[in-house]
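Just so you know, ligand 1 is whichever comes first in the structure, and atom 1 is the first atom listed for that ligand. Quantities reported herein were computed from a predicted structural model and do not represent experimental measurements.
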Amino acid sequence: MNSSISNIRAKIQKGETSCVALTKAFLKKIEEHKNLNAFLEVFTDEALENAATIDERIANKKAGKLAGLVIALKDNICYKGHKISASSKILEGFESLYSATVVERLIAEDAIIIGRLNCDEFAMGSSNENSAYGEVLNPIDNSKVPGGSSGGAAAAVKAGLCHAALGTDTGGSVRQPASHCGVIGLKPTYGRVSRYGAIAYASSFDQIGPITNNIPDLALIMEVISGSDHYDSTCSTKEVPAFTKELQLTGVKKIGYIKDCLENPGLDKEIKARLELIIKELKLQGHEVVPVDFPYLDFLVPAYYVLTTAEASSNLARYDGVHFGYRSEQSENWESVYFKSRSEGFGKEVQRRIMLGTYVLSAGYFDAYYAKAQKVRRIFRDKTDEILKTHDFILLPTTPNTAPDIGENTKDPIAMYLEDIFTVQAPLTGLPAISIPIGEHSNGMPFGIQLMGSRFSETALFAFSNEMMQNFNDN
Ligand code: GLN
């Protein structure tokens with residue numbers, strides 16, 4: 001089930017398999033792996049019906065680019081007529097009134113959507129332990145977390161419950177679980193993919209991104225979901241390159257690695273050693289790999305949490321017990337509808353972030369926190385852009401450790417936040433970044449290596465990742 005969609009399509013064409021057969025196989029596996037708690041809902045009948053229709057279209061040579069692809073959606077991406085909860089009690093029973101642009105585009109190209117995936121509540125978390133619907137288990141070792149917030153997505157792709165998944169990445173939520181589960185995860189350039197229909201967490205950071213087993217599938221999905229959308233004014237009108245046609249690497253690259261990342265005391269020794277080895281081998285292959293200075297590493301996580309909580313406190317104001325989903329049964333008047341519905345409907349972490357965000361935006365503290373963090377964000381962006389003017393990519397770890405044990409970080413929010421140290425730079429600066437699974441720890445767990453590129457450099461990023469996957473994947 002790891003072969004690329006183009007291989008699968010060839011098999012369908014030869015009559016060796018069919019969309020219905022593939023969908024049935026995935027449904028069986030989902031049932032067998034129920035203990036992972038990766039899916040919140042499986043669209044069994046509908047997926048089978050769609051598969052049959054798409055088989056007909058393939059037979060009539062009328063099928064779209066994604067015919068044969070079975071994909072699942074993180075539970076914060078709207079699909080018309082289907083439930084959506086952002087893994088929160090506050091959206092209990094709520095149904096999407098429209099589909100996200102990415103979903104429309106997947107369907108237009110004949111992808112089969114098989115279900116919705118568990119995640120951290122409102123995409124806030126790094127371990128999937130903040131879901132109102134229970135934690136997700138890492139398919140490689142069930143005592144570990146899958147990462148978060150798109151934990152269900154990474155676990156499902158790794159366990160072979162679907163070909164691919166769409167997640168959202170605000171501070172690492174696609175790349176970090178991809179790293180912990182041993183699959184590929186991409187955060188596109190801000191504005192590459194429409195956010196219309198993705199439940200907002202921090203709008204100036206959020207991007208929808210794919211999780212896959214191989215780069216050709218990732219490139220193909222990106223070709224379909226990227227591009228301008230008049231429903232999202234932050235979505236770029238830049239033309240979408242034919243990513244799948246440009247997967248062959250051309251020429252020698254100049255790659256920078258941030259010294260402070262490698263020297264970070266929190267970085268696991270084996271991950272560090274693996275990165276050093278990769279640097280050495282890339283040099284042997286003729287690439288120029290050099291250390292670069294980025295003196296702000298310790299400020300990334302604090303700035304990220306000031307800004308994202310501020311945006312979240314505003315975005316989540318709409319869940320008031322009136323417009324969406326859950327309403328407290330205990331409410332006696334309009335004020336207590338808001339108060340009690342929000343207190344009972346939101347989980348602890350979401351409440352903590354709403355309070356933090358409200359605080360940093362409050363009149364007395366706005367300048368000291370929010371305005372300051374905005375200025376700092378600009379400094380990060382300018383410095384990172386400057387590095388990428390003279391380097392093709394920045395190479396860095398995805399995560400400081402392999403997947404933690406379930407429950408390891410839940411008592412200590414700061415420890416949990418520090419998990420994001422290497423993934424927040426890309427969303428803070430709007431740059432694209434990919435995590436590729438080319439590390440295996442002696443503890444048996446996989447880990448990813450991250451590449452960050454300049455704005456809209458996805459074509460080069462995919463080609464280089466493709467080459468690295470071929471050269472460095474010992475699995
Ligand atoms: N772990 C980060 C957070 O909790 C990232 C979340 C995300 O990217 N959605 O905010």
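A pairwise comparison of heavy atoms in Gly81 and Glu95 identifies O-CD, 3.6 Å as the closest pair.
Residues Arg377 and Ser204 have side chains that bring a donor and an acceptor to within less than 3.5 angstrom of each other.
Aromatic ring centres of Phe122 and Tyr319 lie closer together than 6.0 Å.
Annotation: ligand 1 has protein neighbours Ala123, Met124, Gly125, Ser126, Ser149, Asp169, Thr170, Gly171, Gly172, Ser173, Tyr201, Tyr304, Tyr305, Arg353, Asp420, each with a heavy atom less than 4.0 angstrom from the ligand.
Judged by a 6.0 Å distance limit and a 45° cone about the ring axis, Lys238 is positioned over the six-membered ring of Phe456.
For Phe366, the CZ atom is densely surrounded, since the number of other residues' heavy atoms within 6.0 Å is greater than 12.
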Worksheet entry | side-chain hydrogen bond (donor to acceptor under 3.5 Å, both in side chains) assessment of Ser149 paired with Ser173 | CA-CA 5 Å; Ser149 63; Ser173 278; 2.7 Å; yes

